[in-house]
Amino acid sequence: MMQLIDLFLKRKFEVIYASPAKYSENAEDLEHLGITQKQIQVNNSEFDEFLKKEQPTHVLFDRFMMEEQFGWRVAEHCPEAIRILDTEDLHCLRAARQNAWKNGKEFTPDMLLDEEVARREIASIYRCDLSLIISEVEFERLQNQFKVPADLLYYLPFLMDVFPEKS
């Protein structure tokens with residue numbers, strides 16, 4: 001997420017970080033980067049007012065669960081905004097592998113089709129204008145197994161070759 005934020009800042013986007021997560025002392029200090037932070041709540045009409053006031057041109061959802069909770073409100077109040085889903089990784093793949101392991105089975109790609117998480121995640125991908133995919137394998141699986149059109153997907157691996165050392 002920080003790599004994406006850095007990318008947006010370098011391209012002179014105004015970035016507002018809105019999240020329902022509680023603030024933590026371990027969180028990245030976004031304010032020193034000039035980023036406004038907004039605490040939002042699920043199922044709260046104050047988010048609608050926030051959208052109407054800010055009128056974002058681009059909205060990035062980190063994970064499909066955030067798109068499920070807030071995407072429809074963005075579509076309703078900012079229909080021209082480009083909605084981007086940052087998958088990080090496919091949660092349905094992780095869930096299917098975990099279920100296979102718990103049940104003592106070897107994972108097969110067909111197991112993805114039985115996952116409720118897969119239906120939700122693929123629906124979220126279809127609702128967005130673009131989904132960022134970090135893995136070539138997942139990129140291909142989305143196109144070949146789930147028949148997601150390539151124009152809804154963008155392969156974007158880690159943006160840094162080497163992580164900087166913390167001082």
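Computed from heavy atoms alone, side chains included, the values below leave out hydrogens, waters and symmetry copies.
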Check: [Y] main-chain N/O paired with [X] side-chain donor or acceptor under 3.5 Å:
X: Gln39; Y: Ala18; answer: no
X: Asn44; Y: Glu46; answer: yes
X: Thr57; Y: Ala81; answer: no
X: Glu67; Y: Phe61; answer: no
X: Lys147; Y: Asn144; answer: yes

Between [atom1] on residue [X] and [atom2] on residue [Y], distance to nearest 0.5 Å:
X: Leu132; Y: Glu88; atom1: CG; atom2: CD; result: 9.0 Å
X: Asn43; Y: Phe70; atom1: CG; atom2: CZ; result: 8.0 Å
X: Cys128; Y: Leu152; atom1: SG; atom2: CG; result: 9.0 Å
X: Asp48; Y: Glu76; atom1: CG; atom2: CD; result: 6.5 Å
X: Ile133; Y: Arg141; atom1: CD1; atom2: CZ; result: 12.5 Å
X: Ser135; Y: Leu142; atom1: OG; atom2: CG; result: 9.0 Å

Exercise. Given Phe50 and Ile16, is the side chain to side chain contact (heavy atoms under 4.5 Å, CB included) satisfied, shown in steps?
Worked result: CA-CA 11 Å; Phe50 168 69; Ile16 300 173; 3.8 Å; yes
Problem set entry | Test: Lys52 and Glu49 ion pair at under 4.0 Å |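 Salt bridge: yes.
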Problem set entry | Salt bridge flag under 4.0 Å for residues Arg119 and Glu116 |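 Here Arg119 pairs with Glu116 in a salt bridge, since their nearest N and O are under 4.0 Å apart.
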Nearest heavy atoms of [X] and [Y], plus distance in Å:
X: Glu121; Y: Cys92; answer: OE1-N, 2.8 Å
X: Gln37; Y: Glu31; answer: NE2-CG, 3.6 Å
X: Tyr126; Y: Phe146; answer: OH-O, 4.2 Å
X: Asp151; Y: Leu130; answer: O-CD1, 4.2 Å
X: Arg73; Y: Ser45; answer: NH1-CA, 4.0 Å

Within-4.5 Å side-chain heavy-atom neighbours: [X] and [Y]:
X: Val137; Y: Leu93; answer: no
X: Ile134; Y: Thr87; answer: no
X: Asp6; Y: Lys10; answer: yes
X: Ser19; Y: Met66; answer: no

For this session: Count the heavy atoms of every other residue, nucleotide or ligand shown that sit under 6.0 Å from CD of Glu80, and state whether that count exceeds 12.
Result: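 It does not: Glu80 CD has 12 such atoms or fewer within range.
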For this session: Please state whether the rings of Phe13 and His58 are parallel, tilted or perpendicular, taking 30° and 60° as the class boundaries.
Result: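 If you compare the ring of Phe13 with that of His58, the planes turn out perpendicular.
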For this session: Could you go through the side chain to side chain contact (heavy atoms under 4.5 Å, CB included) check for Arg97 and Trp101 one step at a time?
Result: CA-CA 6 Å; Arg97 286 179 175 155; Trp101 183 80; over 6 Å; no
Problem set entry | Trace of the side chain to side chain contact (heavy atoms under 4.5 Å, CB included) decision for Val15 with Leu33 | CA-CA 10 Å; Val15 176; Leu33 298 172; over 6 Å; no
Exercise. How would you list, by chain and number, every residue that makes a ring-ring contact (aromatic ring centres under 6.0 Å, His included) with Tyr17, sequence neighbours excluded?
Worked result: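 Checked Tyr17 against ring-ring contact (aromatic ring centres under 6.0 Å, His included); zero matches.
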For this session: Following the transitive rule for hydrophobic clusters with a side-chain heavy-atom cut-off under 4.5 Å over Ile, Leu, Val, Met, Phe, Trp and Tyr, establish whether Ile125 and Trp72 coincide in one cluster.
Result: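 Shared cluster, no.
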For this session: Take Met1 and Leu60, measure what side chain to side chain contact (heavy atoms under 4.5 Å, CB included) needs, and give me the verdict at the end.
Result: CA-CA 10 Å; Met1 182 58 71; Leu60 176 69; 3.9 Å; yes
Exercise. Only one of Leu156, Leu90, Leu153 forms a side chain to side chain contact (heavy atoms under 4.5 Å, CB included) with Phe139, so which one is it?
Worked result: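 Per the side chain to side chain contact (heavy atoms under 4.5 Å, CB included) rule, the option paired with Phe139 is Leu153, out of Leu156, Leu90, Leu153.
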